[in-house]
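Excluded from the calculations below are hydrogen atoms, water molecules and symmetry mates; all remaining heavy atoms, backbone and side chain alike, are included. For clarity, every value in this text was computed on a predicted model and none was experimentally measured.
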Amino acid sequence: MKRPSLLLAVASLLLGACAQQPLRGTGDLGVVVERATGALQIIETSGQSRLARVEGLGDLSHASVVFSRDERFAYVFGRDGGLTKVDLLRQRIDRRVVQGGNSIGGAISQDGKLIAVGNYEPGGVKVFDAETLELVADIPATPLADGSRNSRVVGVLDAPGRRFIYSLFDTHETWLLDFSQGNTPAITRFKDIGKQPYDALLTPDGRYYIAGLFGEDGMAKIDLWHTARGVERIIDGYGRGEEKLPVYKMPHLEGWTVAGNQTFVPAVGQHRVLVMDSQSWKQTDAIDVAGQPIFVMARPDARQIWVNFAHPDNGKVQVIDTETHEIIAQLEPGPAVLHMEFTARGDQLWLSVRDGNEVQVWDPYSLKLLKRLPADSPSGIFFSSRAHETGL
C-alpha cells in the first residue's frame, strides 16, 4: 500500500515541476518601459520575444533601470519617487518603496549592494540596501539661496570603489559619495562646475565623470583618479557665435559614445553631434545631423554611431560612420523614437517607437528591420548585460 502512494506522490511532484516555468538564464533578458501604463515588459533577445508584463510601477514617464549583478533583478526608478525591484525570473514585483516626490534616475554600487536614487523633490540622494530596499543613507542637496527648496539632483552614476557621483542642477555642483568604509559616506563637493549641469557620463573605465551644461556651452570634467585636481572645463564655448535653438528635449549623456580614440556627444540646442579626442578632450569635429540629438550610441564594435532626435524630428534615426563621420543611413522607424539599445555583442539594435506603440528589432549590420513587438507607449529599453558595465 505504501509503494503506490509513494509513486503517486513522486508523480505529482514531477507534474508540478513541469507546470512551472522552465529553468533559464538571465543573460539575454531585458525590460521595456511602458510609460503610459506604469508597466514593464520583460523581453528576451535570443528569440526576440516578450515573456511577461509586470504592472503597478507608478509613474514611468522618465523611468530608468539598473540590474543586480546576477542579472535577476531590475531596479526601476520612477518619476513619482518610486523605487521598484522587479524579479525577472518570477516576473513580478519583489519590493517597492516610494522614497521621494520626483525622481530622475539612479545607480547600483560596484559591489551590487547599494542603490542610489537622485531626486528633484525633496532634492538630494537617498541610498538603499539592494536586497531589502531599506534606507541606508539620506544626503540632502544644497538649499537654494532663498531657502525655498533643495537643488535638484541629476546624472547619478556609480563609480569604482563603491562610490556614487552626481550633479546639482540649480547650485552648479558635483558631489562624490564614498561608501568604501561603510554606510556613512565621505562626501567630496566640487563647486562652481558650470551653469546648470543637466546630465552626466562616465568613461567606460570609470575614470572620468563629465557633466553637460545646459546654462552655457561646454562640459565639466572630473578625474576620479585625481579628485584633488578639481574640475576642468572642456570644449568651452562650442556653440559660440551661433544661434541656439529651442530645446524640446534634453540630450541624454548616458547614451554617449566612446569609439576608439574618439568621443561623440550630443550638442545642446544644435543639430550637431560633437566629436572629441578621447585623450586631450578637445573638439575635433562637429557632424551636422537631422535634428537635435538625444541619444548618440555606438555599436559595440565602435564602427557605427546611431542617433535619434527630439521633436519634431523624432521619427528619424541616423547612422554615422565613425571613420569618415559621414551619415551612411537615415531610417524612419515611426513616430517618436524615444530610446535605442544594442545587445551586448551588437548583433541587434532594439528601439522604441512610442506613438507607434511598438518596439522594433534591427540588424545593425544590414540595417534591416527584423521584428516588431507591440508595446503600450514604450520608452526606455534596458538589457540585463548592463549589470556588468560601470556608469550605466
Parallel, tilted or perpendicular: which describes the rings of F264 and H325, with under 30° parallel and over 60° perpendicular?
-> perpendicular
Please name all residues satisfying ring-ring contact (aromatic ring centres under 6.0 Å, His included) with F383, sequence neighbours left out, ordered by chain then number.
-> W350
For the pair S167 and Y198, evaluate side chain to side chain donor-acceptor pair (under 3.5 Å) and give the outcome as yes or no after the intermediate values.
-> CA-CA 8 Å; S167 293; Y198 66 89; over 6 Å; no
Salt-bridge criterion met for R152 and D170 (N-O under 4.0 Å) | yes
Side chain to side chain donor-acceptor pair (under 3.5 Å) between T142 and E173: does it pass, once the steps are laid out?
-> CA-CA 9 Å; T142 303; E173 302 172 74; 2.8 Å; yes
Apply salt bridge (Lys or Arg N to Asp or Glu O under 4.0 Å) to the pair R272 and D217, showing each step before the final yes or no.
-> CA-CA 13 Å; R272 285 180 169 183; D217 292 338; over 6 Å; no
What distance separates F73 CZ from L89 CG, expressed to the nearest 0.5 Å?
-> 8.0 Å
Ring-face cation contact, Y365 with R299, 6.0 Å cut, 45° max | yes
Is R303 salt-bridged to E323, going by a charged N under 4.0 Å from an acidic O?
-> yes
Say you draw a straight line from CD1 of I287 to NE2 of H271; how long is it, rounded to the nearest 0.5 Å?
-> 15.5 Å
Between D205, T203, D158, which is the residue that forms a side-chain contact (heavy atoms from CB on, under 4.5 Å) with T390?
-> D158
Would you tell me whether H388 and E71 have side-chain atoms, one donor and one acceptor, within less than 3.5 Å of each other?
-> yes
Taking the side chain from S377 and the backbone from E34, do they hold a donor-acceptor pair closer than 3.5 Å?
-> no
Quick one: are V231 and T174 in side-chain contact, heavy atoms under 4.5 Å?
-> no
Would K316 and E332 pass as an ion pair if we require N to O under 4.0 Å?
-> no
Strictly by modelled atom types, are R79 and S64 linked by a side-chain donor-acceptor pair under 3.5 Å?
-> no
Look at the rings of F295 and H339 and say which category their plane angle falls in: under 30° parallel, 30 to 60° tilted, over 60° perpendicular.
-> perpendicular
Got more than 12 heavy atoms from elsewhere within 6.0 Å of NZ, K371?
-> yes
Kindly indicate, with the supporting measurements, whether the criterion side-chain contact (heavy atoms from CB on, under 4.5 Å) is fulfilled by I187 and R189.
-> CA-CA 6 Å; I187 304 175; R189 297 173 176 86; 3.9 Å; yes
Would you check if the side chain of E216 reaches a backbone N or O of K195 as a donor-acceptor pair within less than 3.5 Å?
-> yes
Between atom NZ of K113 and atom CD1 of I115, what is the distance when rounded to the nearest 0.5 Å?
-> 13.0 Å
Is Y75 reaching over with its side chain to a backbone N or O of A130, donor-acceptor style, under 3.5 angstrom?
-> yes
Ring geometry between F214 and F169 (parallel below 30°, tilted from 30 to 60°, perpendicular above 60°) = tilted
State whether the side chain of E341 and the backbone N or O of L351 hold a donor-acceptor pair below 3.5 Å, judged by distance alone.
-> no
Short question: side chain of S103, backbone of F77 - any donor-acceptor pair under 3.5 Å?
-> no
Hey, is the main chain of G78 close enough, under 3.5 Å, to the side chain of D59 for a donor-acceptor pair?
-> no
Is it true that the side chains of T45 and Q348 contain a donor and an acceptor less than 3.5 Å apart?
-> no
Does the distance from a Lys or Arg side-chain N to an Asp or Glu carboxylate O, for D111 and R162, drop under 4.0 Å?
-> yes
Backbone N/O of E131 and side chain of K85: donor-acceptor pair under 3.5 Å | yes
Test L83 against every option in V98, L133, V76 by the side-chain contact (heavy atoms from CB on, under 4.5 Å) rule and name the one that passes.
-> L133
Is the W281-Y208 ring centre distance short of 6.0 angstrom?
-> yes
Output the distance between atom CG (L51) and atom CG (L88), rounded to the nearest 0.5 Å.
-> 9.5 Å
Are the side chains of I320 and E326 in touch, meaning some heavy atoms are under 4.5 Å apart?
-> no
Between the CG atom in L370 and the CG atom in D347, the distance rounded to the nearest 0.5 Å is 9.0 Å
Please determine, by modelled atom types, if S379 and R35 share a side-chain donor-acceptor pair under 3.5 angstrom.
-> no
Over all heavy atoms of both residues, which pair between L369 and V361 is shortest? Give the atoms and the distance, please.
-> CD1-O, 3.5 Å
Joint hydrophobic cluster, L373 plus I42, side-chain heavy atoms closer than 4.5 Å = no
Atom CG in L29, atom OG in S385: separation rounded to 0.5 Å?
-> 10.5 Å
Distance under 6.0 Å and angle within 45° of the ring axis: does R386 meet both against F67?
-> no
Counting distance only, does the side-chain N/O of E389 pair as donor-acceptor with the main-chain N or O of P204 below 3.5 Å?
-> no
Where is the tightest heavy-atom contact between G346 and P364, given as atom of each residue plus distance?
-> O-CG, 3.3 Å
Show the numbers, then the answer: is there a side chain to side chain donor-acceptor pair (under 3.5 Å) between Q292 and Q270?
-> CA-CA 6 Å; Q292 292 183 21; Q270 297 183 24; over 6 Å; no
Side chains of T263 and S278: do they bring a donor and an acceptor to under 3.5 Å?
-> yes
Does K221 NZ have over 12 foreign heavy atoms under 6.0 Å away?
-> yes
Answer yes or no: is there a donor N or O on one side and an acceptor on the other, between the side chain of D87 and the main chain of D94, under 3.5 Å?
-> no
So, S352 side chain and R354 main chain: donor-acceptor pair closer than 3.5 Å or not?
-> no
Have E55 and T37 got a donor and an acceptor in their side chains that come within less than 3.5 Å?
-> no
Could you walk me through whether Q99 and N119 pass the side chain to side chain donor-acceptor pair (under 3.5 Å) test, one step at a time?
-> CA-CA 9 Å; Q99 55 78 49; N119 288 306; 2.9 Å; yes
